Every structure is written in structure tokens, then in C-alpha cells.
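The model shown is predicted, which means the values in this text are computed figures rather than measured ones.
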Amino acid sequence: MAITLEQLKDELSVVATMTKSKTEFQTECLLEVVNNQWKAAATDTRNSTCNKLEYSVGKKYIKVNQFRVHADGSFSNNGVFMFIDKESGACYKPASFKAPAKGIRFWVEQLLNYPEMVDPYGSFLYVR
């Protein structure tokens with residue numbers, strides 16, 4: 001049974017009083033929706049590999065890493081996908097493995113409302 005975006009938002013409001021920050025829960029919800037979309041797209045196209053996002057929490061930023069999952073269960077690290085400010089929810093393109101580039105690209109709440117704009121290439125993070 002698939003979980004809808006609305007159900008994830010409801011869960012977010014109920015659990016937000018626990019130990020995780022609002023931004024961390026929003027990140028978790030976003031990654032779950034995006035990972036499900038990417039997995040479904042890979043299945044539809046009969047692709048044997050798919051991209052997957054995972055996050056880790058640092059002092060100031062939530063670092064979102066991208067992995068390539070292969071059919072045999074193995075995976076390869078594709079590097080940092082984006083950084084999210086823990087306090088404000090601002091999303092940044094990575095400048096390196098350790099630091100974000102300057103300039104806010106999106107807010108995690110915007111991406112949660114429109115998860116279809118998050119593509120496996122990170123092109124939405126580039127300023128046009």
C-alpha cells in the first residue's frame with residue numbers, strides 16, 4: 001500500500017514534537033516520496049538500477065547523499081546531492097563533499113510540496 005504525500009504531511013505534524021527537528025522530518029518525508037518516485041520510474045522503464053537519496057545530520061546542515069542501487073543489491077555512492085540548513089530549511093547545491101555553495105536554491109518545504117521537480121541529476125539546484 002503506497003503512502004500519499006498528504007499522509008506523510010499528517011505524520012509529520014504528529015511526530016514533530018519528538019526528538020527530530022521539523023526540517024529533519026520534512027527532509028525524511030521528501031526523500032521517501034522522491035525515492036518512491038524514482039524507484040517506480042526505474043521499474044516502469046525496466047531499468048536494473050535506480051537512484052536513492054539518504055541523509056545524515058551534521059552540526060549546521062543536513063547532508064543528502066545520492067546512491068546508485070543495482071539489481072543485485074549492491075550500491076555505489078554518487079556523492080552529495082544537496083545540503084539543507086537545519087534551522088531554516090534552506091536548500092543549497094553542494095560546492096564540495098563538505099560544504100554547500102553560496103545562495104539558497106530552494107526551501108525544503110517547497111520541494112516537499114512539489115517533489116516531482118527533484119530529478120536524479122540535481123538540475124533543479126542550478127540557478128537559471
Side-chain angles (χ1 to χ4, degrees):
M1 181 171 141
I3 296 175
T4 66
L5 182 59
E6 292 304 320
Q7 289 171 327
L8 286 174
K9 286 181 181 179
D10 291 341
E11 288 181 31
L12 171 68
S13 64
V14 171
V15 186
T17 58
M18 294 182 168
T19 59
K20 293 182 181 179
S21 69
K22 178 182 176 183
T23 304
E24 193 173 338
F25 272 107
Q26 288 176 328
T27 302
E28 211 170 85
C29 290
L30 174 66
L31 297 189
E32 185 170 342
V33 171
V34 169
N35 285 335
N36 287 339
Q37 287 177 346
W38 290 356
K39 188 172 184 174
T43 303
D44 290 346
T45 60
R46 297 183 181 177
N47 197 341
S48 63
T49 63
C50 70
N51 292 303
K52 182 176 182 179
L53 299 176
E54 293 183 2
Y55 76 95
S56 60
V57 180
K59 290 180 183 176
K60 187 173 179 183
Y61 297 104
I62 297 171
K63 185 192 312 186
V64 179
N65 289 302
Q66 183 178 25
F67 297 90
R68 189 89 177 146
V69 181
H70 306 282
D72 63 359
S74 64
F75 63 92
S76 54
N77 188 349
N78 284 4
V80 178
F81 189 72
M82 72 176 162
F83 286 94
I84 301 172
D85 187 295
K86 284 176 27 179
E87 296 296 317
S88 67
C91 299
Y92 299 90
K93 181 182 118 183
S96 70
F97 187 75
K98 294 183 179 182
K102 293 183 181 182
I104 296 170
R105 307 306 167 103
F106 280 98
W107 300 94
V108 71
E109 205 164 301
Q110 286 177 305
L111 297 176
L112 190 55
N113 288 330
Y114 301 100
E116 62 277 357
M117 75 181 350
V118 180
D119 65 339
Y121 314 106
S123 63
F124 67 101
L125 293 170
Y126 288 83
V127 179
R128 295 182 185 148

Subject >> Val118/Phe81 under side-chain contact (heavy atoms from CB on, under 4.5 Å): CA gap, chis, key distance, verdict >> reply: CA-CA 10 Å; Val118 180; Phe81 189 72; 3.9 Å; yes

Original post:
Can Tyr121 and Asn51 be said to form a side-chain contact (heavy atoms from CB on, under 4.5 Å), step by step?
Top reply: CA-CA 10 Å; Tyr121 314 106; Asn51 292 303; 5.8 Å; no

**OP:** Could you grab the distance from atom OG of Ser76 to atom CD of Gln66, nearest 0.5 Å is fine?
**Re:** 9.5 Å

**OP:** Classify the angle between the aromatic ring planes of Phe75 and Phe67 as parallel (below 30°), tilted (30 to 60°) or perpendicular (above 60°).
**Re:** perpendicular

Original post:
How far apart are the C-alpha atoms of Thr23 and Glu87, what are their side-chain angles, what is the distance that settles it, and do they pass the side-chain contact (heavy atoms from CB on, under 4.5 Å) test?
Top reply: CA-CA 7 Å; Thr23 304; Glu87 296 296 317; over 6 Å; no

Subject >> Pairs where residues 28-44 contributes a residue and the test salt bridge (charged side-chain N to carboxylate O under 4.0 Å, His left out) is met, not counting sequence neighbours >> reply: Lys20-Glu28

Subject >> Contact check, side chains of Asn113 and Trp107, non-hydrogen atoms, under 4.5 Å >> reply: no

Original post:
Taking the inter-plane angle between the rings of Phe83 and Tyr61 on a 0 to 90° scale, is it parallel (under 30°), tilted (30 to 60°) or perpendicular (over 60°)?
Top reply: perpendicular

**OP:** Looking only at non-hydrogen atoms, find the nearest pair between Leu112 and Pro115 and report the distance.
**Re:** O-CD, 3.5 Å

Original post:
Mind checking whether Phe124 and Val64 sit in one hydrophobic cluster, side chains of I, L, V, M, F, W, Y counted as touching below 4.5 Å?
Top reply: yes

Original post:
Atom CG in Leu31, atom CD in Glu54: separation rounded to 0.5 Å?
Top reply: 9.0 Å

Original post:
Between Phe106 and Met82, is any pair of side-chain heavy atoms under 4.5 Å apart?
Top reply: no

Original post:
Looking only at atom types and distance, does a side-chain atom of Lys86 sit under 3.5 Å from a main-chain N or O of Gly58, one as donor and one as acceptor?
Top reply: yes

Original post:
Does the side chain of Asp72 pick up a donor-acceptor pair with the side chain of Ser74 at under 3.5 Å?
Top reply: yes

Subject >> Qualifying salt bridge (charged side-chain N to carboxylate O under 4.0 Å, His left out) pairs with a residue from residues 92-121, counting only residues at least two apart or across chains >> reply: Lys22-Glu109

Original post:
Roughly how far, to the nearest 0.5 Å, is CZ of Arg68 from SG of Cys50?
Top reply: 7.5 Å

Original post:
Where the side chain of Asn35 meets the backbone of Leu53, is there a donor-acceptor pair that is under 3.5 Å apart?
Top reply: yes

Original post:
If you count the non-hydrogen atoms of other residues, nucleotides and ligands that lie under 6.0 Å from NZ in Lys52, is the total more than 12?
Top reply: no

Original post:
Per the side chain to side chain contact (heavy atoms under 4.5 Å, CB included) rule, which among Val34, Val33, Thr27 passes with Leu30?
Top reply: Val34

Subject >> Shortest non-hydrogen contact between Val108 and Cys91, atoms and distance >> reply: N-SG, 3.5 Å

**OP:** Could you grab the distance from atom CG of Leu125 to atom CD1 of Ile104, nearest 0.5 Å is fine?
**Re:** 12.5 Å

Subject >> ILVMFWY network linking Tyr55 to Tyr92, side-chain heavy atoms under 4.5 angstrom >> reply: no

